[in-house]
Protein chains: 2
Amino acid sequence: MEAIKQRYSKQRETILEVVQSTLVHPNADWIYKETRKRIPNISLGTVYRNLNQLVETGRIIKLKDESMVRYDGNIGHHDHFRCAVCGKWYDVEMIDQAIIKSFAEKHDFQVESFHLELEGTCKSCLNS
Amino acid sequence: MEAIKQRYSKQRETILEVVQSTLVHPNADWIYKETRKRIPNISLGTVYRNLNQLVETGRIIKLKDESMVRYDGNIGHHDHFRCAVCGKWYDVEMIDQAIIKSFAEKHDFQVESFHLELEGTCKSCLNS
DNA sequence: CAAGCTAATAGTAATAGTTACTATTAACTC
DNA sequence: GAGTTAATAGTAACTATTACTATTAGCTTG
Ligand SMILES: [Mn+2]
Ligand SMILES: [Mn+2]
Ligand SMILES: [Zn+2]
Ligand SMILES: [Zn+2]
């Protein structure tokens, strides 16, 4: 089994920079539009293909929203709060490894990752 | 603002029974096929429309999988383990309200629900 | 219990997010 | 510099879900 060689591409690096430059947890279309400001003729297929590769190589994280996928350049472990009113995603820190370890000892699952998702109303939506 | 009157329909009740009768956390297509065994000419649109209504009225729960939505007839609070190998979802009990309450006190979010999702390899996939 | 109102249905068309395909380009190896 | 093939742009195809429409059937009222 040969290791797959991944060549450099300006498109991929730009996409990565775009995802890493924001806290909005963008979807593919947002990333596409933002990347086109820098590479005007980049195609949507290229964006999707590279987002998938970046997830596979662990350089970004994939999040499941209601009807689409979002991406996150923050690859350290953290959880999320999703506002049901405005749809925004916020980073939160809640669960630590210790809780998961104690779980793993009690069950027959081999836990590789975990993610807590909170839902509710964010502050700015509460104040309006 | 009038309350919306929801009429009885054999289709909706059957769909609910189907979702409640299984632990597989089925998607819409699975539910459609299963319901058709009891109501052979039910349409897929009817399944989707009723699943959405059942979620809105709190009689079933909606779960986000990779490329589709899954449904859960178990409406008591619980978390999930998803096997990355076989794709199966398992019920687990991990997070209690106390953890979330302490979080809510420290932040400006109004938390209405939360859900921990674990991912890894299930026992039967480990043994094969 | 028949008439009227309209929620719900079956069947189908449309939408949206994502993936697949293909000819061409360009990053890396030697 | 030539050869190999990963990556690209552009487009077609796919799939889960929603929207549309004529018809059916629960529920209310007299
Ligand atoms: Mn994040
Ligand atoms: Mn469950
Ligand atoms: Zn909000
Ligand atoms: Zn498994």
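Below, all heavy atoms of this structure are taken into account, side chains as well, without hydrogens, waters or symmetry copies. As the structure is a computational prediction, the values presented were derived from the model and not from experiment. Letters A, B, ... mirror the listed sequences (proteins, then strands); counts begin at 1.
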Pairs under 3.5 angstrom, nitrogen or oxygen only, protein versus nucleotides 19-24 of chain C, please.
unit_1: dT19(C); atom_1: OP2; unit_2: Asn52(A); atom_2: ND2; d: 3.2

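At a threshold of 4.0 Å, the pair Lys37(A)-Glu34(A) counts as salt-bridged, since one of the basic side-chain nitrogens sits closer than that to a carboxylate oxygen. Looking at Arg38(A) and Glu17(A), a side-chain N of the basic residue comes within less than 4.0 Å of a carboxylate O on the acidic one, giving a salt bridge. Here Glu13(A) pairs with Arg59(A) in a salt bridge; the nearest charged N to carboxylate O distance falls below 4.0 Å.
Rounding to whole angstrom units, CG of residue Asn50(A) and C1' of dA27(C) are separated by 14 Å. Per the geometry, CG belonging to Leu51(A) stands 14 Å off P belonging to dA7(D), to the nearest Å. For the pair Leu54(B) CG and dA8(C) C1', the computed distance is 13 Å after rounding to whole Å. When rounded to the nearest whole Å, the span between CZ of Arg7(B) and C1' of dG4(C) equals 11 Å.
The minimum heavy-atom distance linking Gly73(B) with Ile60(B) is given by the pair CA-CG2, 4.4 Å.
DNA chain C is contacted by Ser9(B), Gln11(B), Arg12(B), Asn41(B), Ile42(B), Ser43(B) of residues 8-43 of chain B, taking any non-hydrogen atom closer than 4.0 Å.
Rounded to 10°, the helix from dC1(C)-dG30(D) to dC30(C)-dG1(D) has 40° between the axis fitted to its first five pairs and the one fitted to its last five.
Heavy atoms of other residues, nucleotides or ligands lying less than 6.0 angstrom from CD1 of Ile39(B) number more than 12.
Using modelled atom types, one finds a donor on one side chain and an acceptor on the other under 3.5 Å when comparing Asp91(A) with His80(A). Side-chain polar atoms of Asp65(B) and Trp89(B) form a donor-acceptor pair below 3.5 angstrom. Looking at Arg49(B) and Thr46(B), their side chains do bring a donor and an acceptor atom within 3.5 Å of each other. Of the N and O atoms on the side chains of Gln110(B) and Glu112(B), at least one donor lies less than 3.5 Å from an acceptor on the other residue. Arg12(B) and Asn50(B) share a side-chain donor-acceptor pair at under 3.5 Å.
Look at Thr46(A) and you'll find a side-chain N or O under 4.0 angstrom from OP1 or OP2 of dA9(D).
Relative orientation of the His107(A) and Phe109(A) rings is parallel, given thresholds of 30° and 60° on the angle between their planes.
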